Amino acid sequence: MVLQRVVRAVIMGPPGSGKGTVSARITKSFGLKHLSSGDILRANINAKTELGLLTKSCIDQGQLVPDDVMSRLILSELRTIEQSGWLLDGFPRTVSQAEALDDVYTVDTVINLNVPFQTIRQRLTSRWTHLPSGRVYNIDFNPPKVAGLDDETGEPLIQRDDDKPETVTRRLKSYETQTEPVLEYYRSKGVLETFTGTETNKIWPHVEAFLHRKLSSINQRVA
Ligand code: G5P
Ligand code: MG
């Protein structure tokens, strides 16, 4: 689909709900630029930048990085892609972050992946990640062609430190207390669209059809 105006979208859902997996499909089908807060933080940790050193312990413990650090980071990244449509993954994660985003940009739509916690726990223990690109694999769902190696670059895959069972529990708790209120925030603005299920392949056709309708209606308003 050819977009006539910049579209700004957010994807939400608990840890492991498939935000990264669905984002890759949205990027491919609709050409929005994907910005993942977690991928940016992990790249900084890997490169041992000041930001990486500052945030590593929060992430390893399954706690959120402070709002002011996150909002500054993501808003400055967004400024560099202002001319394009974008899809934010992992931000905003608190109401304060949502307000900081709202001060600068109006979000057109928020896709919420509603996946049961029980399903998530099983997935995260078998996730493998290609750190430089953020590509994710799963031993059962979408295994790499060669075990332990990224399909596109052949580079090694890693298991995230925060995918240990006890850290996953803490991440789910922080999602309930700090991030669920953001869903209410967007619901009250009339932009929240929720997709419920336990399998990405079954959720995806609904997300795709919704985005086709949504983006067509935005284009029509512009024309
Ligand atoms: P992240 O990186 O934003 P989370 O915890 O929100 O991390 P995560 O873990 O990256 O989310 P996801 O992107 O929702 O999960 O899910 P995914 O990677 O696509 O899928 C999970 C696994 O399931 C993969 O292995 C995938 O292949 C598999 N899978 C997908 N669909 C299916 C299916 O249908 N079936 C099966 N069997 N498998 C499937 O944030 C990390 C940390 O960074 C900090 C925090 O400390 C956070 O904990 N952080 C922030 N802190 C404050 N504010 C912010 N805005 C922050 N952003 C990040
Ligand atoms: Mg992710």
Side-chain angles (χ1 to χ4, degrees), residues 10-27 34-45 51-52 54-75 77-78 87-98 100-101 111-131 133-144 150-151 157-164 167-180 182 195-205 207:
V10 169
I11 187 161
M12 293 188 62
S17 56
K19 299 183 295 296
T21 307
V22 171
S23 293
R25 296 183 189 187
I26 293 177
T27 304
H34 176 218
L35 203 66
S36 156
S37 54
D39 287 351
I40 296 170
L41 292 172
R42 283 184 289 278
N44 275 277
I45 291 173
L51 177 72
L54 185 78
T55 54
K56 185 177 182 339
S57 67
C58 281
I59 295 176
D60 286 352
Q61 289 164 33
Q63 287 165 355
L64 293 189
V65 172
D67 283 337
D68 56 330
V69 175
M70 283 317 296
S71 295
R72 234 179 304 127
L73 172 69
I74 299 300
L75 290 174
E77 291 280 339
L78 286 178
L87 173 68
L88 272 181
D89 159 4
F91 182 95
R93 240 180 169 94
T94 63
V95 171
S96 150
Q97 292 179 12
L101 178 64
I111 291 160
N112 173 33
L113 304 179
N114 180 25
V115 177
F117 283 10
Q118 206 184 330
T119 309
I120 284 167
R121 285 180 198 283
Q122 289 162 3
R123 283 183 188 179
L124 290 183
T125 46
S126 53
R127 168 164 63 185
W128 288 85
T129 304
H130 177 241
L131 211 47
S133 69
R135 270 186 290 280
V136 284
Y137 300 87
N138 188 280
I139 296 162
D140 319 302
F141 175 64
N142 58 338
D150 177 50
D151 285 354
L157 302 174
I158 56 127
Q159 279 202 291
R160 276 170 48 175
D161 288 339
D162 60 348
D163 279 346
K164 294 190 199 90
T167 315
V168 169
T169 300
R170 261 185 258 132
R171 286 162 62 199
L172 291 171
K173 191 85 216 143
S174 118
Y175 172 79
E176 276 182 322
T177 55
Q178 292 166 281
T179 308
E180 279 187 350
V182 182
F195 299 86
T196 302
T198 55
E199 290 172 56
T200 299
N201 288 345
K202 289 196 178 151
I203 292 178
W204 166 245
V207 174

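Hydrogens, waters and symmetry mates are skipped; everything else that's a heavy atom, side chains included, is used. Numbering of ligands and ligand atoms starts at 1, following listing order. Everything numeric in this text was worked out from a predicted model, so none of it was measured.
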Item to complete: Using a 4.0 Å heavy-atom threshold (strictly under), name the region of Leu41 that reaches ligand 1: side chain, backbone, both or neither.
Response: side chain
Discussion item. Pairs of nitrogen or oxygen atoms closer than 3.5 Å, one from Ser36 and one from ligand 1: do any exist?
Written reply: no
Discussion item. Below 3.5 Å, N or O to N or O, backbone or side chain included: is there any such pair between Gln63 and ligand 1?
Written reply: yes
Worksheet item: ligand 1 and Arg127, any nitrogen or oxygen pair closer than 3.5 angstrom?
Response: yes
Item to complete: Ignoring angles and geometry beyond distance, decide whether Ser17 reaches within less than 3.5 Å of ligand 1 through its nitrogen or oxygen atoms.
Response: yes
Worksheet entry | Per-residue contact class, Lys19 against ligand 1 - non-hydrogen pairs under 4.0 Å | both
Practice prompt. Please report the C-alpha distance between Arg123 and Asp163 in whole Å, then the side-chain angles of each, then the deciding distance to 0.1 Å, and finally whether the salt bridge (charged side-chain N to carboxylate O under 4.0 Å, His left out) criterion is met.
Written response: CA-CA 10 Å; Arg123 283 183 188 179; Asp163 279 346; over 6 Å; no
Discussion item. Counting only nitrogen or oxygen atoms and a 3.5 angstrom limit, does Gly20 reach ligand 1?
Written reply: yes
Item to complete: Using distance alone, decide if ligand 1 has a nitrogen or oxygen within less than 3.5 Å of any nitrogen or oxygen in Thr21.
Response: yes
Worksheet entry | Polar contact flag for Thr200 and ligand 1 (N/O pairs, less than 3.5 Å) | yes
Practice prompt. Decide yes or no for Trp204 and Ile26: does some side-chain heavy atom of the first lie under 4.5 Å from some side-chain heavy atom of the second?
Written response: yes
Response to the item:
Within 4.0 Å of some non-hydrogen atom of Arg42, the atoms of ligand 1 are 2 (O), 41 (C)
Item to complete: Answer yes or no for Lys202: is there a heavy-atom contact with ligand 1 below 4.0 Å?
Response: no
Worksheet, complete the sentence: Looking only at protein heavy atoms, what sits closest to atom 37 (N) of ligand 1 is Phe141 CB, 3.5 Å
Discussion item. Looking at ligand 1, is there an atom of it that comes within less than 4.0 Å of some heavy atom belonging to Gly13?
Written reply: no
Fill in: Which segment of Asn142 sits under 4.0 Å of ligand 1 when only heavy atoms are counted
side chain
Worksheet item: So is Trp128 polar-close to ligand 1, meaning N/O to N/O under 3.5 Å?
Response: no
Discussion item. As a check for students: among Val182, Asp67, Ile59, Thr167, identify the option with a heavy atom nearest to atom 42 (C) of ligand 1.
Written reply: Ile59
Worksheet item: Any N or O of Asp162 that comes nearer than 3.5 Å to an N or O of ligand 1?
Response: no
Worksheet item: Should you measure from each heavy atom of Phe91, which atoms of ligand 1 turn up under 4.0 Å away?
Response: 55 (N)
Discussion item. Any heavy atom of Gly62 closer to ligand 1 than 4.0 angstrom?
Written reply: no
Practice prompt. Say whether Gly16, considering both its backbone and side-chain N or O atoms, lies within less than 3.5 Å of an N or O atom on ligand 1.
Written response: yes
Worksheet item: For ligand 1, does Asp140 get within less than 4.0 Å through its side chain, its backbone, both, or neither, judged by non-hydrogen atoms?
Response: neither
